[in-house]
Amino acid sequence: MGNVTVQAEPEPLPIDAARTAIVMIDMQRDFLEPGGFGEALGNDVSRLNSAVGPCRALLETARRREMLIIHTREGHRPDMSDAPRAKVERGAPAMRIGAPGPMGRILIRGERGHDIIEALAPRKGEPVVDKPGKGAFYATDLHLILQNRGIETLIVCGVTTEVCVHTTVREANDRGFRCLVPEDCCASYFPEFHEVGLRMIKAQGGIFGWVTDSKRLLAALNST
Ligand code: TIU
């Protein structure tokens, strides 16, 4: 297997680009822009902006190589029938999932805040997976889409590193996918969680996967 080798930790990872998918996790206004869910939780949302440029560069290369690109969005049905009370009933009622914010109802499908930021907008033909949880496999058809395309390796990007990216990497690892995480294509509201989250993935011989950066990843993807 493998037509390119990506320099990574804990060791270089050979990948077959035709069997590798980019999974862009939750690059939504609700997490990256003021007035959404991220800010409602008390976070400084500007901390996530560093990932946008590297993700954009990776998408450009992946599109040129005709790799499978999947986008996810965390959010709920307008009637919130898929939102567990334990997830909703936290914090001030005016700041909860479903409450009206400047970008529409917080984390609700169809609202402006729920959609992906313009710089990373999905293109025609790129599946968008709406997920009610943190992990992209939970209660979605992501696994089916990946199986139908013969995907064996995932390049997981997005926000936030220790929450939805990590949960998705763990879910993917248990389902037999190799996961490669480019560290500058992810971000967290907490720099220390970002750092330690990445260390957790690559520790113990790559217990959950491999960690690289967009420079090494693009060098490999552009090498053939
Ligand atoms: N709060 C936080 O760090 N993240 C989330 O709630 N969702 C995602 O990570 N997408």
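All ligand and atom numbering here is 1-based and tracks the order in the structure. Just so it is clear, the values below take in all heavy atoms, side chains as well, and ignore hydrogens, waters and symmetry mates.
Counting protein heavy atoms only, atom 7 (N) of ligand 1 is closest to E74 OE1, 2.9 Å. Ranking the protein heavy atoms by distance from atom 1 (N) of ligand 1 puts L41 CD1, 3.6 Å first. From the protein, the heavy atom lying nearest to atom 8 (C) of ligand 1 is C164 SG, 2.6 Å. The nearest protein atom to atom 5 (C) of ligand 1, hydrogens excluded, is given as F31 CE2, 3.5 Å; this is a heavy-atom distance.
R96 places a side-chain N or O within 3.5 Å of a backbone atom of G91 that can act as its donor or acceptor partner.
Residue N43 has no N or O atom closer than 3.5 Å to an N or O atom of ligand 1.
Scanning L48, T160, T168, T72 for the heavy atom closest to atom 4 (N) of ligand 1 points to T160.
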Walk me through it: do E111 and R105 pass the test salt bridge (charged side-chain N to carboxylate O under 4.0 Å, His left out)? CA-CA 6 Å; E111 302 288 341; R105 293 178 67 205; 5.2 Å; no
Report all side-chain donor-acceptor pairs from residues 140-151 shorter than 3.5 Å, counting only partners two or more places apart or in another chain.
{"unit_1": "T140", "atom_1": "OG1", "unit_2": "A136", "atom_2": "O", "d": "2.6"}
{"unit_1": "T140", "atom_1": "OG1", "unit_2": "L142", "atom_2": "N", "d": "3.2"}
{"unit_1": "N148", "atom_1": "ND2", "unit_2": "L144", "atom_2": "O", "d": "3.4"}

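Between R216 and E9 a salt bridge is recorded (basic side-chain N to carboxylate O distance below 4.0 Å).
Interface of D26 with ligand 1, defined as ligand atoms under 4.0 Å from a residue heavy atom, comprises 8 (C), 10 (N). Shown in contact with V159 at under 4.0 Å from a heavy atom are these atoms of ligand 1, numbered in order with element: 8 (C), 9 (O), 10 (N). Ligand 1 places these atoms under 4.0 Å from at least one heavy atom of F37: 6 (O).
Other residues, nucleotides and ligands contribute more than 12 heavy atoms inside 6.0 Å of the CZ atom of R175.
Side-chain contact annotation: S188 with H194, donor-acceptor N/O pair under 3.5 Å absent.
The salt bridge (charged side-chain N to carboxylate O under 4.0 Å, His left out) analysis of residues 114-136, with sequence neighbours excluded, yields the pairs D26-K131, R29-E118, R63-E126, R73-D115, R73-D130.
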